[in-house]
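Read the structure below first, then the notes.
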Amino acid sequence: MINGRISQPSPDSPLYDHWVRYNNMVFAWLSNSLSKDIADSVLHCDTAREIWRDIEERYGQSNASRYYQIQREVAGVSQGSFDIPSYYTKLRKLWDELKTASFGPSCTWG
């Protein structure tokens with residue numbers, strides 16, 4: 001519904017009523033998952049896909065400065081007084097954050 005793989009059928013399709021029902025369910029789930037201010041700003045959307053695209057356009061932008069900041073944090077982490085599990089957990093958290101903050105096109109060749 002939100003990534004476009006399930007497209008809206010024509011109104012005369014036998015699947016249209018099912019699509020409308022599922023769209024309404026996903027639409028409600030998305031809008032109820034947002035803060036009130038953000039939810040109010042997407043009320044103009046008619047479909048769950050439109051909400052998703054609007055949110056993605058606004059907040060899905062990569063953040064190169066945050067990516068660089070996380071890289072610096074990873075480089076600066078030392079075990080110090082941490083025990084090994086705590087040290088690993090801190091590094092793992094930063095690595096996961098780095099993975100989600102990545103920006104630019106990813107290589108899909110080879």
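For clarity, every value in this text was computed on a predicted model and none was experimentally measured.
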Do you know the tightest heavy-atom contact between Ala39 and Ser31? CB-O, 3.7 Å
Per the salt bridge (Lys or Arg N to Asp or Glu O under 4.0 Å) rule, what does the pair list look like for residues 26-45, sequence neighbours excluded? Lys36-Asp40
Separation between CD of Glu57 and CZ of Arg53, rounded to the nearest 0.5 Å: 9.0 Å
Are the side chains of Leu30 and Ile55 in contact, using a 4.5 Å heavy-atom criterion? no
What pairs of residues pass the salt bridge (Lys or Arg N to Asp or Glu O under 4.0 Å) test when at least one of them lies in residues 82-91, not counting sequence neighbours? none
For Cys45 and Glu50, which heavy atoms make the closest approach, and how far apart are they? CA-OE1, 3.4 Å
Do Tyr87 and Val77 make a side-chain contact, defined as non-hydrogen atoms from C-beta onward lying under 4.5 Å apart? yes
Measure the CG-CD distance between Leu91 and Gln79 for me, rounded to the nearest 0.5 Å. 9.5 Å
Distance-minimising heavy-atom pair for Ile51 and Phe27: CD1-CE1, 3.3 Å
What's the shortest heavy-atom distance between Ser86 and Phe82, and which atoms? CB-CD2, 4.0 Å
Arg49 CZ to Gln8 CD distance, which is reported to the nearest 0.5 Å: 11.5 Å
Working to the nearest 0.5 Å, report the span between CD1 of Ile84 and OG1 of Thr89. 11.5 Å
Distance-only donor-acceptor pairs under 3.5 Å for side chains of residues 16-25, two or more places apart:
residue : atom : partner : partner atom : Å
Asn23   : OD1  : Ala48   : N            : 2.8
Asn24   : ND2  : Val20   : O            : 3.3

Quick one: OH on Tyr68 to CG on Leu98, what's the gap to the nearest 0.5 Å? 13.0 Å
Roughly how far apart are Lys93 NZ and Glu73 CD, rounded to 0.5 Å? 7.5 Å
Quick one: are Lys99 and Asp96 in side-chain contact, heavy atoms under 4.5 Å? yes
For Ile6, does the CD1 atom sit with more than 12 other heavy atoms under 6.0 Å from it, leaving out its own atoms? no
